[in-house]
A.B. asks: 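Below: one structure in C-alpha coordinates.
Quick caveat, the model's predicted, so the values are computed rather than measured. In what follows, chains are A, B, ... by sequence order, proteins preceding strands, each numbered from 1.
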Amino acid sequence: MASSSTTSPCAACKFLRRKCLPECVFAPYFPPDQPQKFANVHKVFGASNVTKLLNELQPHQREDAVNSLAYEADMRLRDPVYGCVGVISLLQHQLRQLQMDLSCAKSELSKYQNLGLLHHHHHQGTINLAHDRHHFHHQLFPVTNQQMIRAFDGGSGYDASSLLAMNMSASIGQLGGFPQSRAAGTAADGRRTPVEPS
Amino acid sequence: MASSSSSSSYSNPPCAACKFLRRKCLSGCIFAPYFPPEEPTKFANVHKIFGASNVSKLLNEILPQQREDAVNSLAYEAEARLKDPVYGCVGAISVLQRQVLQLQKELDATNADLMRYTNNEMGAYNPRRVGYGSGVGSYNPNPGYYSYGENPGHGNN
(Lines give C-alpha, C1' and ligand atoms only; values in the text may rest on other atoms or scores of the structure.)
Protein backbone atom coordinates (compact mmCIF):
# COMPACT_ATOMS: atom_id res chain seq x y z
CA MET A 1 0.00 0.00 0.00
CA ALA A 2 1.01 3.60 -0.45
CA SER A 3 1.28 4.62 3.23
CA SER A 4 4.37 3.97 5.23
CA SER A 5 2.45 2.02 7.85
CA THR A 6 2.25 -1.70 7.52
CA THR A 7 -1.54 -1.74 7.28
CA SER A 8 -3.51 -0.09 4.51
CA PRO A 9 -5.19 3.23 5.28
CA CYS A 10 -8.67 3.04 6.73
CA ALA A 11 -11.65 3.80 4.51
CA ALA A 12 -11.94 7.30 5.94
CA CYS A 13 -8.36 8.30 5.22
CA LYS A 14 -8.57 6.70 1.82
CA PHE A 15 -11.67 8.75 1.11
CA LEU A 16 -10.17 11.92 2.52
CA ARG A 17 -6.88 11.24 0.78
CA ARG A 18 -4.77 11.68 3.80
CA LYS A 19 -2.26 9.70 5.72
CA CYS A 20 -3.81 7.20 8.08
CA LEU A 21 -1.92 7.76 11.29
CA PRO A 22 -1.73 5.18 14.10
CA GLU A 23 -4.01 7.29 16.28
CA CYS A 24 -6.59 7.82 13.52
CA VAL A 25 -9.97 8.05 15.23
CA PHE A 26 -11.77 6.48 12.26
CA ALA A 27 -9.48 3.53 11.63
CA PRO A 28 -10.99 1.06 14.12
CA TYR A 29 -14.47 1.57 12.73
CA PHE A 30 -14.04 2.16 9.02
CA PRO A 31 -12.03 -0.74 7.64
CA PRO A 32 -10.67 -0.31 4.13
CA ASP A 33 -12.84 -3.09 2.74
CA GLN A 34 -16.02 -1.12 3.50
CA PRO A 35 -15.58 2.10 1.57
CA GLN A 36 -19.29 2.75 1.22
CA LYS A 37 -19.79 2.93 4.96
CA PHE A 38 -17.58 5.98 5.36
CA ALA A 39 -18.71 7.53 2.11
CA ASN A 40 -22.31 7.47 3.34
CA VAL A 41 -21.50 8.78 6.79
CA HIS A 42 -19.39 11.51 5.30
CA LYS A 43 -22.12 12.56 2.93
CA VAL A 44 -24.80 12.82 5.59
CA PHE A 45 -22.94 13.88 8.70
CA GLY A 46 -19.55 15.07 7.57
CA ALA A 47 -16.17 13.89 8.81
CA SER A 48 -15.69 16.62 11.38
CA ASN A 49 -19.12 16.11 12.95
CA VAL A 50 -18.42 12.40 13.25
CA THR A 51 -15.04 13.12 14.82
CA LYS A 52 -16.65 15.41 17.36
CA LEU A 53 -19.35 12.86 18.14
CA LEU A 54 -16.84 10.07 18.63
CA ASN A 55 -14.59 12.19 20.78
CA GLU A 56 -17.47 12.82 23.14
CA LEU A 57 -17.95 9.10 23.73
CA GLN A 58 -16.10 6.48 25.64
CA PRO A 59 -13.97 4.24 23.43
CA HIS A 60 -16.15 1.22 24.11
CA GLN A 61 -19.21 3.06 22.83
CA ARG A 62 -17.71 4.20 19.57
CA GLU A 63 -18.26 1.10 17.51
CA ASP A 64 -21.97 1.07 18.21
CA ALA A 65 -22.13 4.79 17.57
CA VAL A 66 -20.42 4.45 14.20
CA ASN A 67 -22.67 1.60 13.20
CA SER A 68 -25.78 3.50 14.13
CA LEU A 69 -24.53 6.55 12.26
CA ALA A 70 -23.79 4.36 9.25
CA TYR A 71 -27.30 2.96 9.42
CA GLU A 72 -28.85 6.41 9.69
CA ALA A 73 -26.76 7.66 6.81
CA ASP A 74 -27.73 4.67 4.70
CA MET A 75 -31.42 5.20 5.44
CA ARG A 76 -31.16 8.89 4.70
CA LEU A 77 -29.54 8.24 1.36
CA ARG A 78 -32.17 5.69 0.46
CA ASP A 79 -34.95 8.00 1.56
CA PRO A 80 -33.75 11.59 1.52
CA VAL A 81 -37.04 12.93 2.82
CA TYR A 82 -37.67 10.71 5.84
CA GLY A 83 -34.56 8.67 6.47
CA CYS A 84 -34.76 6.61 9.62
CA VAL A 85 -37.87 8.38 10.72
CA GLY A 86 -39.72 6.68 7.90
CA VAL A 87 -38.60 3.35 9.29
CA ILE A 88 -39.81 4.32 12.74
CA SER A 89 -43.14 5.40 11.36
CA LEU A 90 -43.52 2.17 9.45
CA LEU A 91 -42.59 0.04 12.43
CA GLN A 92 -45.03 1.87 14.67
CA HIS A 93 -47.72 1.27 12.11
CA GLN A 94 -46.83 -2.41 11.89
CA LEU A 95 -46.89 -2.66 15.63
CA ARG A 96 -50.36 -1.20 15.82
CA GLN A 97 -51.59 -3.55 13.10
CA LEU A 98 -50.06 -6.51 14.86
CA GLN A 99 -51.70 -5.55 18.10
CA MET A 100 -55.05 -5.34 16.40
CA ASP A 101 -54.52 -8.64 14.64
CA LEU A 102 -53.41 -10.30 17.81
CA SER A 103 -56.38 -8.98 19.66
CA CYS A 104 -58.65 -10.22 16.90
CA ALA A 105 -56.99 -13.62 16.74
CA LYS A 106 -57.16 -14.06 20.50
CA SER A 107 -60.77 -13.11 20.46
CA GLU A 108 -61.48 -15.69 17.76
CA LEU A 109 -59.51 -18.28 19.64
CA SER A 110 -61.36 -17.61 22.82
CA LYS A 111 -64.64 -18.18 21.01
CA TYR A 112 -63.52 -21.65 20.00
CA GLN A 113 -62.09 -22.35 23.37
CA ASN A 114 -65.22 -21.23 25.12
CA LEU A 115 -67.63 -22.97 22.82
CA GLY A 116 -65.61 -26.11 22.43
CA LEU A 117 -67.06 -27.50 19.22
CA LEU A 118 -67.30 -25.39 16.10
CA HIS A 119 -69.94 -25.02 13.48
CA HIS A 120 -69.39 -24.72 9.79
CA HIS A 121 -70.58 -21.17 9.39
CA HIS A 122 -68.15 -20.07 12.07
CA HIS A 123 -65.27 -21.14 9.85
CA GLN A 124 -66.43 -19.06 6.96
CA GLY A 125 -66.53 -15.92 9.05
CA THR A 126 -63.07 -16.43 10.51
CA ILE A 127 -61.39 -17.33 7.25
CA ASN A 128 -62.78 -14.42 5.25
CA LEU A 129 -61.74 -11.98 7.92
CA ALA A 130 -58.25 -13.44 8.03
CA HIS A 131 -57.95 -13.40 4.27
CA ASP A 132 -58.89 -9.76 4.03
CA ARG A 133 -56.45 -8.78 6.68
CA HIS A 134 -53.71 -10.84 5.10
CA HIS A 135 -54.20 -9.25 1.74
CA PHE A 136 -54.35 -5.77 3.19
CA HIS A 137 -51.09 -6.14 5.01
CA HIS A 138 -49.24 -7.27 1.95
CA GLN A 139 -50.34 -4.10 0.26
CA LEU A 140 -48.79 -2.16 3.08
CA PHE A 141 -45.42 -3.70 3.00
CA PRO A 142 -43.69 -2.10 0.01
CA VAL A 143 -43.96 1.31 1.57
CA THR A 144 -44.11 4.21 -0.75
CA ASN A 145 -43.43 7.79 0.01
CA GLN A 146 -47.16 8.31 -0.04
CA GLN A 147 -47.46 6.17 3.05
CA MET A 148 -44.75 8.09 4.78
CA ILE A 149 -46.14 11.45 3.84
CA ARG A 150 -49.43 10.45 5.40
CA ALA A 151 -47.63 9.67 8.60
CA PHE A 152 -46.44 13.25 8.75
CA ASP A 153 -49.56 14.84 7.48
CA GLY A 154 -51.67 17.01 9.68
CA GLY A 155 -50.68 20.58 10.15
CA SER A 156 -47.22 21.35 11.34
CA GLY A 157 -44.74 18.63 10.59
CA TYR A 158 -43.05 19.38 13.84
CA ASP A 159 -46.16 18.28 15.69
CA ALA A 160 -45.90 14.96 13.93
CA SER A 161 -42.31 14.73 15.02
CA SER A 162 -43.35 15.44 18.57
CA LEU A 163 -45.98 12.75 18.31
CA LEU A 164 -43.39 10.31 17.10
CA ALA A 165 -41.13 11.41 19.90
CA MET A 166 -43.88 10.66 22.39
CA ASN A 167 -44.39 7.23 20.92
CA MET A 168 -40.67 6.75 20.92
CA SER A 169 -40.40 7.61 24.57
CA ALA A 170 -42.96 4.94 25.24
CA SER A 171 -41.24 2.44 22.98
CA ILE A 172 -37.79 3.00 24.32
CA GLY A 173 -38.96 1.79 27.71
CA GLN A 174 -38.06 -1.81 27.11
CA LEU A 175 -34.53 -2.29 25.94
CA GLY A 176 -34.46 -6.06 26.07
CA GLY A 177 -30.76 -6.45 26.55
CA PHE A 178 -29.82 -4.17 23.70
CA PRO A 179 -27.14 -1.94 25.16
CA GLN A 180 -27.98 1.72 25.25
CA SER A 181 -26.16 4.67 26.69
CA ARG A 182 -27.71 6.99 29.18
CA ALA A 183 -30.44 8.71 27.31
CA ALA A 184 -31.89 11.75 28.93
CA GLY A 185 -35.53 12.24 28.27
CA THR A 186 -36.43 8.68 27.37
CA ALA A 187 -38.80 6.63 29.41
CA ALA A 188 -36.94 3.79 31.00
CA ASP A 189 -39.68 2.25 33.01
CA GLY A 190 -39.66 -1.01 31.10
CA ARG A 191 -43.12 -0.71 29.72
CA ARG A 192 -43.90 -3.69 27.56
CA THR A 193 -46.77 -2.35 25.52
CA PRO A 194 -45.50 0.75 23.84
CA VAL A 195 -48.35 1.57 21.53
CA GLU A 196 -51.93 1.67 22.56
CA PRO A 197 -54.25 -0.06 20.14
CA SER A 198 -56.23 2.58 18.36
CA MET B 1 -42.93 33.23 8.78
CA ALA B 2 -39.72 34.97 7.81
CA SER B 3 -39.69 35.76 4.15
CA SER B 4 -37.62 38.07 2.03
CA SER B 5 -35.28 40.47 3.65
CA SER B 6 -33.91 43.39 1.69
CA SER B 7 -30.88 45.55 2.01
CA SER B 8 -33.04 48.46 3.11
CA SER B 9 -33.03 49.59 6.67
CA TYR B 10 -36.11 47.55 7.49
CA SER B 11 -35.88 43.82 6.91
CA ASN B 12 -37.74 40.79 8.10
CA PRO B 13 -36.20 39.01 11.03
CA PRO B 14 -33.59 36.49 9.94
CA CYS B 15 -34.53 32.83 10.09
CA ALA B 16 -33.12 30.71 12.89
CA ALA B 17 -30.41 29.37 10.60
CA CYS B 18 -29.10 32.72 9.50
CA LYS B 19 -29.32 34.02 13.05
CA PHE B 20 -27.24 31.06 14.19
CA LEU B 21 -24.79 31.43 11.34
CA ARG B 22 -24.70 35.19 11.81
CA ARG B 23 -25.33 35.99 8.26
CA LYS B 24 -27.82 37.94 6.27
CA CYS B 25 -31.05 36.10 5.63
CA LEU B 26 -31.59 36.68 1.95
CA SER B 27 -34.81 36.27 0.07
CA GLY B 28 -33.82 32.93 -1.42
CA CYS B 29 -32.57 31.50 1.85
CA ILE B 30 -33.17 27.77 1.66
CA PHE B 31 -33.49 27.43 5.40
CA ALA B 32 -35.91 30.25 6.04
CA PRO B 33 -39.21 28.44 5.33
CA TYR B 34 -38.32 25.61 7.69
CA PHE B 35 -36.38 27.20 10.50
CA PRO B 36 -38.47 30.01 11.90
CA PRO B 37 -36.69 32.39 14.26
CA GLU B 38 -38.86 31.37 17.19
CA GLU B 39 -37.45 27.81 17.08
CA PRO B 40 -33.71 28.37 17.49
CA THR B 41 -33.04 24.95 18.99
CA LYS B 42 -34.30 23.17 15.91
CA PHE B 43 -31.57 24.58 13.72
CA ALA B 44 -28.93 24.43 16.43
CA ASN B 45 -29.53 20.68 16.79
CA VAL B 46 -29.58 20.01 13.08
CA HIS B 47 -26.44 22.04 12.63
CA LYS B 48 -24.64 20.21 15.36
CA ILE B 49 -25.37 16.76 13.98
CA PHE B 50 -25.56 17.23 10.24
CA GLY B 51 -23.98 20.60 9.56
CA ALA B 52 -25.50 23.46 7.64
CA SER B 53 -23.93 22.68 4.31
CA ASN B 54 -24.98 19.03 4.38
CA VAL B 55 -28.54 20.06 5.15
CA SER B 56 -28.46 22.64 2.41
CA LYS B 57 -27.22 20.07 -0.11
CA LEU B 58 -29.84 17.59 0.99
CA LEU B 59 -32.64 20.10 0.67
CA ASN B 60 -31.46 21.13 -2.75
CA GLU B 61 -31.66 17.53 -3.90
CA ILE B 62 -35.32 17.09 -3.04
CA LEU B 63 -38.48 18.71 -4.27
CA PRO B 64 -39.65 21.88 -2.53
CA GLN B 65 -42.85 20.23 -1.35
CA GLN B 66 -40.82 17.54 0.37
CA ARG B 67 -38.49 19.86 2.22
CA GLU B 68 -40.63 20.53 5.24
CA ASP B 69 -40.95 16.83 6.00
CA ALA B 70 -37.25 16.36 5.37
CA VAL B 71 -36.30 19.14 7.77
CA ASN B 72 -38.64 17.82 10.43
CA SER B 73 -37.27 14.32 10.14
CA LEU B 74 -33.71 15.66 10.31
CA ALA B 75 -34.65 17.69 13.37
CA TYR B 76 -36.11 14.59 14.97
CA GLU B 77 -33.01 12.55 14.24
CA ALA B 78 -30.73 15.29 15.47
CA GLU B 79 -32.64 15.59 18.71
CA ALA B 80 -32.60 11.83 19.16
CA ARG B 81 -28.86 11.73 18.56
CA LEU B 82 -28.24 14.48 21.08
CA LYS B 83 -30.29 12.63 23.68
CA ASP B 84 -28.60 9.34 22.89
CA PRO B 85 -25.19 9.97 21.33
CA VAL B 86 -24.46 6.28 20.88
CA TYR B 87 -27.60 5.07 19.13
CA GLY B 88 -29.66 8.11 18.25
CA CYS B 89 -33.01 7.19 16.77
CA VAL B 90 -31.64 3.81 15.73
CA GLY B 91 -32.11 2.72 19.31
CA ALA B 92 -35.82 3.22 18.91
CA ILE B 93 -35.79 1.26 15.66
CA SER B 94 -34.10 -1.63 17.36
CA VAL B 95 -36.63 -1.64 20.16
CA LEU B 96 -39.54 -1.44 17.74
CA GLN B 97 -38.19 -4.25 15.58
CA ARG B 98 -37.85 -6.41 18.62
CA GLN B 99 -41.39 -5.64 19.65
CA VAL B 100 -42.70 -6.34 16.18
CA LEU B 101 -40.95 -9.71 16.14
CA GLN B 102 -42.29 -10.54 19.55
CA LEU B 103 -45.83 -9.69 18.59
CA GLN B 104 -45.46 -11.57 15.34
CA LYS B 105 -44.43 -14.66 17.28
CA GLU B 106 -47.42 -14.30 19.54
CA LEU B 107 -49.66 -13.89 16.54
CA ASP B 108 -48.16 -16.92 14.87
CA ALA B 109 -48.74 -18.95 17.99
CA THR B 110 -52.32 -17.79 18.25
CA ASN B 111 -52.91 -18.50 14.60
CA ALA B 112 -51.44 -21.95 15.03
CA ASP B 113 -53.92 -22.54 17.82
CA LEU B 114 -56.71 -21.25 15.64
CA MET B 115 -55.68 -23.52 12.82
CA ARG B 116 -55.68 -26.48 15.11
CA TYR B 117 -59.33 -25.87 15.76
CA THR B 118 -60.23 -25.25 12.15
CA ASN B 119 -58.10 -28.07 10.76
CA ASN B 120 -59.74 -30.49 13.09
CA GLU B 121 -62.97 -29.87 11.31
CA MET B 122 -61.81 -28.90 7.83
CA GLY B 123 -59.24 -31.62 7.24
CA ALA B 124 -56.82 -30.68 4.46
CA TYR B 125 -58.09 -27.13 4.10
CA ASN B 126 -55.51 -24.59 5.16
CA PRO B 127 -57.22 -21.34 6.01
CA ARG B 128 -55.47 -17.96 5.86
CA ARG B 129 -54.28 -16.75 9.17
CA VAL B 130 -55.06 -13.49 10.80
CA GLY B 131 -52.42 -10.91 10.09
CA TYR B 132 -49.43 -11.08 7.82
CA GLY B 133 -46.59 -13.43 7.37
CA SER B 134 -42.99 -13.62 8.37
CA GLY B 135 -40.19 -11.18 7.69
CA VAL B 136 -41.99 -8.33 9.37
CA GLY B 137 -40.09 -5.43 10.68
CA SER B 138 -36.62 -6.75 9.92
CA TYR B 139 -35.48 -3.66 8.18
CA ASN B 140 -32.28 -4.95 6.73
CA PRO B 141 -30.02 -2.18 5.67
CA ASN B 142 -27.53 -2.78 2.89
CA PRO B 143 -26.52 -6.34 3.52
CA GLY B 144 -22.89 -7.14 3.67
CA TYR B 145 -20.90 -4.51 5.33
CA TYR B 146 -22.84 -4.27 8.51
CA SER B 147 -26.04 -5.56 9.88
CA TYR B 148 -28.14 -3.54 12.17
CA GLY B 149 -31.36 -4.58 13.74
CA GLU B 150 -30.99 -8.17 12.64
CA ASN B 151 -28.47 -8.92 15.35
CA PRO B 152 -29.37 -6.96 18.41
CA GLY B 153 -26.19 -7.85 20.14
CA HIS B 154 -24.00 -6.91 17.26
CA GLY B 155 -21.77 -4.40 19.00
CA ASN B 156 -18.95 -5.86 20.94
CA ASN B 157 -18.37 -3.65 23.91
A.B. asks: Would the distance check show the side chain of A:S89 and the main-chain N or O of A:V85 forming a donor-acceptor pair, the cut-off being under 3.5 Å?
C.D. replies: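 No, because the side chain of A:S89 does not come within donor-acceptor range (under 3.5 Å) of the backbone of A:V85.
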
A.B. asks: Where on A:L102 is there a heavy atom nearer than 4.5 Å to chain B: the side chain, the backbone, both, or neither?
C.D. replies: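 Looking at A:L102, backbone and side chain both touch chain B.
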
A.B. asks: Select one option (side chain, backbone, both, neither) describing which atoms of A:Q58 are under 4.5 Å from chain B's heavy atoms.
C.D. replies: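 No part of it gets close to chain B.
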
A.B. asks: With only heavy atoms counted, which part of B:L59 is less than 4.5 Å from chain A, the side chain, the backbone, both or neither?
C.D. replies: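 For B:L59, neither part sits under 4.5 Å from chain A.
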
A.B. asks: Under a 4.0 Å N-O cut-off, is there an ion pair linking B:K42 with B:E79?
C.D. replies: no

A.B. asks: Compare all side-chain heavy atoms of B:D108 with those of B:Q104 and state whether any distance is below 4.5 angstrom.
C.D. replies: yes

A.B. asks: Of the listed residues (B:L103, B:V55, B:V71), which shares the most heavy-atom pairs with chain A below a 4.5 Å separation?
C.D. replies: B:L103

A.B. asks: Which label fits B:F20 and B:H47: parallel for a plane angle under 30°, tilted from 30 to 60°, or perpendicular past 60°?
C.D. replies: tilted

A.B. asks: In terms of heavy-atom proximity below 4.5 Å to chain B, should A:L57 be classed as side chain, backbone, both, or neither?
C.D. replies: side chain

A.B. asks: By a 4.5 Å heavy-atom criterion (distance strictly below it), what part of A:K52 contacts chain B: side chain, backbone, both, or neither?
C.D. replies: neither

A.B. asks: Does the side chain of A:Q97 come under 3.5 Å of the side chain of A:D101 through a donor N or O and an acceptor N or O?
C.D. replies: no

A.B. asks: Please state whether the side chain, the backbone, both or neither of A:L54 comes within less than 4.5 Å of a heavy atom of chain B.
C.D. replies: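 No part of it gets close to chain B.
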
A.B. asks: Strictly by modelled atom types, are A:N49 and B:K48 linked by a side-chain donor-acceptor pair under 3.5 Å?
C.D. replies: no

A.B. asks: For the pair B:D113 and B:R116, find out whether any cationic side-chain nitrogen is under 4.0 Å from an anionic carboxylate oxygen.
C.D. replies: yes

A.B. asks: Given a strict heavy-atom distance threshold of 4.5 Å, which part of B:I62 is in contact with chain A: side chain, backbone, both, or neither?
C.D. replies: side chain

A.B. asks: Let me know if B:R81 has heavy atoms under 4.5 Å from chain A in its side chain, its backbone, both or neither.
C.D. replies: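 For B:R81, the side chain is the part near chain A, not the backbone.
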
